[in-house]
Amino acid sequence: MGVERSVTRWYIQRQMILDELAQLEARVAASQGTSETAAPVDTAQVSSEELLQKLAMTRGKLKALGHCPKAMMG
């Protein structure tokens, strides 16, 4: 028995979104760590705001992806 194409596609898309989330969260954590030690700069705030927006959009993509589609049997 094989996995249906839609289920395989869902798992691939989910993994790509999770990888992107992990990268964005790491970048946000790194930018917050440097902003606490350095003087705040407007450009740094803009980039962190952009990162937070991308993070929110990526979380929205994951939510929109929904649950794994069930294979139709029989």
Side-chain angles (χ1 to χ4, degrees):
M1 282 191 244
V3 177
E4 284 192 16
R5 190 177 306 174
S6 62
V7 174
T8 304
R9 186 179 312 129
W10 181 87
Y11 275 109
I12 291 171
Q13 289 176 346
R14 180 178 179 266
Q15 189 60 47
M16 290 174 57
I17 292 171
L18 289 175
D19 290 344
E20 185 178 352
L21 271 174
Q23 289 176 354
L24 287 171
E25 287 173 350
R27 289 175 60 187
V28 167
S31 70
Q32 288 177 351
T34 57
S35 65
E36 292 175 357
T37 58
V41 181
D42 290 337
T43 57
Q45 290 176 351
V46 170
S47 64
S48 67
E49 289 176 4
E50 289 175 0
L51 284 175
L52 292 174
Q53 285 179 343
K54 287 181 182 180
L55 189 62
M57 287 177 53
T58 306
R59 286 183 179 152
K61 285 181 192 178
L62 185 61
K63 187 172 182 168
L65 188 60
H67 297 289
C68 180
K70 303 286 187 217
M72 299 293 283
M73 299 296 287

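Fair warning: this is a prediction, and the values are worked out from it, not measured in the lab. Position 1 is the first residue of the sequence; numbering continues from there.
Nearest heavy-atom pair across Pro69 and Val7 is O-CG2, 3.1 Å.
Defined by atom type and a distance below 3.5 Å, a donor-acceptor pair is missing between the side-chain atoms of Gln23 and Asp19.
Every residue two or more places apart in sequence or in another chain was checked for a side-chain hydrogen bond (donor to acceptor under 3.5 Å, both in side chains) with Gln53, and none qualifies. For Arg9, there are no side-chain hydrogen bond (donor to acceptor under 3.5 Å, both in side chains) partners two or more places apart in sequence or in a different chain. Checked against side-chain hydrogen bond (donor to acceptor under 3.5 Å, both in side chains), Gln13 has no partners two or more places apart in sequence or in another chain. Judged as a side-chain contact (heavy atoms from CB on, under 4.5 Å), and not counting sequence neighbours, the contacts of Arg14 are Trp10, Leu18, Leu62, Leu65.
In terms of hydrophobic clustering, with Ile, Leu, Val, Met, Phe, Trp and Tyr side chains grouped at heavy-atom distances under 4.5 Å, Leu55 and Met57 are assigned to different clusters.
Taking a 4.5 Å side-chain heavy-atom cut-off between Ile, Leu, Val, Met, Phe, Trp and Tyr, the cluster of Met16 extends to Ile12.
For residues 59-68, every residue pair satisfying the salt bridge (charged side-chain N to carboxylate O under 4.0 Å, His left out) rule, not counting sequence neighbours, is listed here: Glu25-Arg59.
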